[in-house]
There are 2 protein chains.
Amino acid sequence: MTAEQRILDAALKVFASEGYTGATTRRIAEEANVAEVTLFRKFQSKENLLREVLLQNRDAFSTLENLFQIKEDLDLETDLHILGKNIAKVMKDKKNDGKRHMFMFMLFEEGRRRPEVAEILSSFIQMNITRLSEYFELQIKNGKMRNINPRSAALTFVSYFVYTSLLRGVFGDSFLGDSDEEIERFIDIFTKGILKVEDMKTR
Amino acid sequence: MTAEQRILDAALKVFASEGYTGATTRRIAEEANVAEVTLFRKFQSKENLLREVLLQNRDAFSTLENLFQIKEDLDLETDLHILGKNIAKVMKDKKNDGKRHMFMFMLFEEGRRRPEVAEILSSFIQMNITRLSEYFELQIKNGKMRNINPRSAALTFVSYFVYTSLLRGVFGDSFLGDSDEEIERFIDIFTKGILKVEDMKTR
DNA sequence: ATCGGAAGTAAGTAATTACTTACATATGAA
DNA sequence: TTCATATGTAAGTAATTACTTACTTCCGAT
């Protein structure tokens with residue numbers, strides 16, 4: 001692996017665990033096994049390094065796209081199970097020992113100060129919500145789903161995954177129970193609601 | 001207002017917007033309209049100041065308890081509407097121009113480095129989820145809710161509010177639509193699910 | 001009027017940090 | 001070999017930051 005790539009990986013990792021302000025170029029260089037001066041020769045400044053990590057991972061995140069390519073022949077519930085488990089998997093493992101979702105949360109913090117960061121993050125979130133919305137819209141047209149606002153459904157769906165992965169990242173996996181079981185329970189609620197059928201009034 | 005309290009308020013505000021590492025004692029003192037040395041005389045160190053802010057706001061947050069005191073005579077959906085809107089209100093306004101939820105997110109970051117912070121945060125989250133769980137358990141016993149895992153229901157419920165308030169905090173209120181309308185749509189999904197009634201298989 | 005405590009002013013210290021400069025070494029292509 | 005390029009070592013700079021010390025001012029209670 002090239003020095004450049006090692007620095008980018010190290011930066012992702014250190015930014016994720018220390019935050020942008022908390023991460024020092026020394027620590028990043030150390031983690032990448034390069035001299036600190038090499039980092040500056042290749043990336044000029046810490047700010048620019050963040051930008052490069054962002055660009056590289058914007059594409060990496062976009063492979064989430066694949067997760068949204070759901071076969072239409074399966075039923076909605078099965079689709080969501082597969083999708084949910086894939087999202088959880090992508091957020092967790094990958095390289096950088098699952099630091100990627102922690103990197104994302106660091107972006108939330110940093111986004112409030114750097115408009116460029118906010119913009120990239122926002123476009124990424126919008127993209128995913130929109131893609132999911134379109135899927136729901138299709139399901140509604142196919143008569144497989146109630147006629148509800150598809151964006152609200154998408155927002156509800158991703159809320160769960162973002163929040164649980166935040167909790168797991170901060171407090172460890174023991175904080176919540178087994179991931180797969182939890183997801184199944186969530187999808188049960190998401191698809192069927194918490195009410196008893198006979199109590200549902202307006203549908 | 002005493003100098004001590006002004007410093008605590010200022011600290012909450014600056015910690016929330018700059019993060020713990022990013023916040024400087026100078027900025028906090030400035031925001032509180034006191035000399036920097038006064039801050040140190042009263043709180044000894046920045047770390048200790050964070051601890052004090054935390055302690056004070058742990059109690060303030062706990063007034064969320066009131067939001068969970070739901071009258072049993074109303075029906076579940078009405079309860080949730082009221083609860084949801086109250087949560088949204090508490091997260092937003094209050095004093096410190098709605099910085100309080102941003103302070104909470106800063107705690108998530110800081111919690112990964114400081115076990116004491118993680119513990120306070122974790123106990124706060126657990127407390128709220130437990131309280132909500134108990135409410136759901138009661139509703140299940142009263143036959144008003146399907147027999148689902150109450151903790152999962154609680155987790156699903158709070159996920160939505162935490163995530164949307166994070167999005168509003170970072171990207172502004174325009175990122176999502178009107179808060180009340182959004183909440184209504186969420187509760188519709190949460191209570192009734194997205195599926196059509198006739199498609200629900202196992203209940 | 002005076003005395004004590006809370007607050008301010010001013011200056012400084014030691015550490016850290018992003019970033020630079022100057023020079024040396026290694027390596028692979030010509 | 002030679003030479004360009006990539007990388008390392010070492011030292012330093014200017015700014016920032018948490019925190020301290022010494023002295024002064026303000027103010028309410030006695």
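All values reported here derive from a predicted model rather than from experimental measurement. Reckoned from all heavy atoms, side chains included, excluding hydrogens, waters and symmetry mates. Chain letters run A, B, ... following the sequence lines, proteins first and then strands; every chain starts at 1.
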Rounded to the nearest angstrom, tell me the gap between atom CZ in F40(B) and atom C1' in dT20(D).
9 Å
Could you check whether A23(B) gets within reach of a base, just the sugar-phosphate, or nothing at all, counting any heavy atom under 4.0 Å?
sugar-phosphate
Measure the distance from CG on N33(A) to P on dT7(D) and round it to the nearest whole Å.
13 Å
Nearest-0.5 Å distance, CZ of residue F171(A) to CZ of residue F108(B)
5.5 Å
Distance in angstrom units between L39(B) CG and dA18(D) P, rounded
10 Å
In whole Å, what is the span from the CG atom of L49(A) to the C1' atom of dC19(C)?
13 Å
Does atom CZ (R26(B)) have a neighbourhood of more than 12 heavy atoms from anything else shown, all under 6.0 Å?
no
So does R26(B) get a side-chain nitrogen or oxygen closer than 4.0 Å to the phosphate oxygens (OP1/OP2) of dT17(D)?
yes
If you check the A35(A) side chain, which of dC19(C), dG8(D), dA18(D) turns out closest?
dG8(D)
Quick one about N48(A) and S45(A) (side-chain donor to acceptor, distance below 3.5 Å, no hydrogens or angles considered), yes or no?
no
Which part of the nucleic acid, if any, lies within contact of N48(B), taking any heavy atom under 4.0 Å across all strands shown: a base, the sugar-phosphate backbone alone, or nothing?
nothing
Return the value, rounded to whole Å, for the distance between atom CG of L50(B) and atom P of dC19(D).
12 Å
From the candidates dT17(D), dT9(D), dC19(C), the one with an atom nearest any side-chain atom of T24(B) is dT17(D)
K46(B) NZ to dT16(D) C1', in whole Å, measures 12 Å
Could you tell me how far apart F43(B) (CZ) and dT20(D) (C1') are, to the nearest whole angstrom?
18 Å
Phosphate contact (dA7(C) OP1 or OP2) by T38(B) side-chain N/O below 4.0 Å
no
Output for pair (T191(B) OG1, L195(A) CG), nearest 0.5 Å, gives 5.0 Å
Under the 3.5 Å rule, do the base of dG8(C) and the side chain of R41(B) count as making a donor-acceptor pair?
yes
Without decimals, in angstroms, what is the distance between E47(A) CD and dT17(C) C1'?
15 Å
Quick one: is dT7(D) close enough that its OP1 or OP2 comes under 4.0 Å of any side-chain N or O from K42(A)?
yes
K46(A) side chain near I28(A) side chain, heavy-atom distance below 4.5 Å
no
From dG8(C), dT9(D), dT7(D), pick the nucleotide closest to the side chain of V37(B)?
dG8(C)
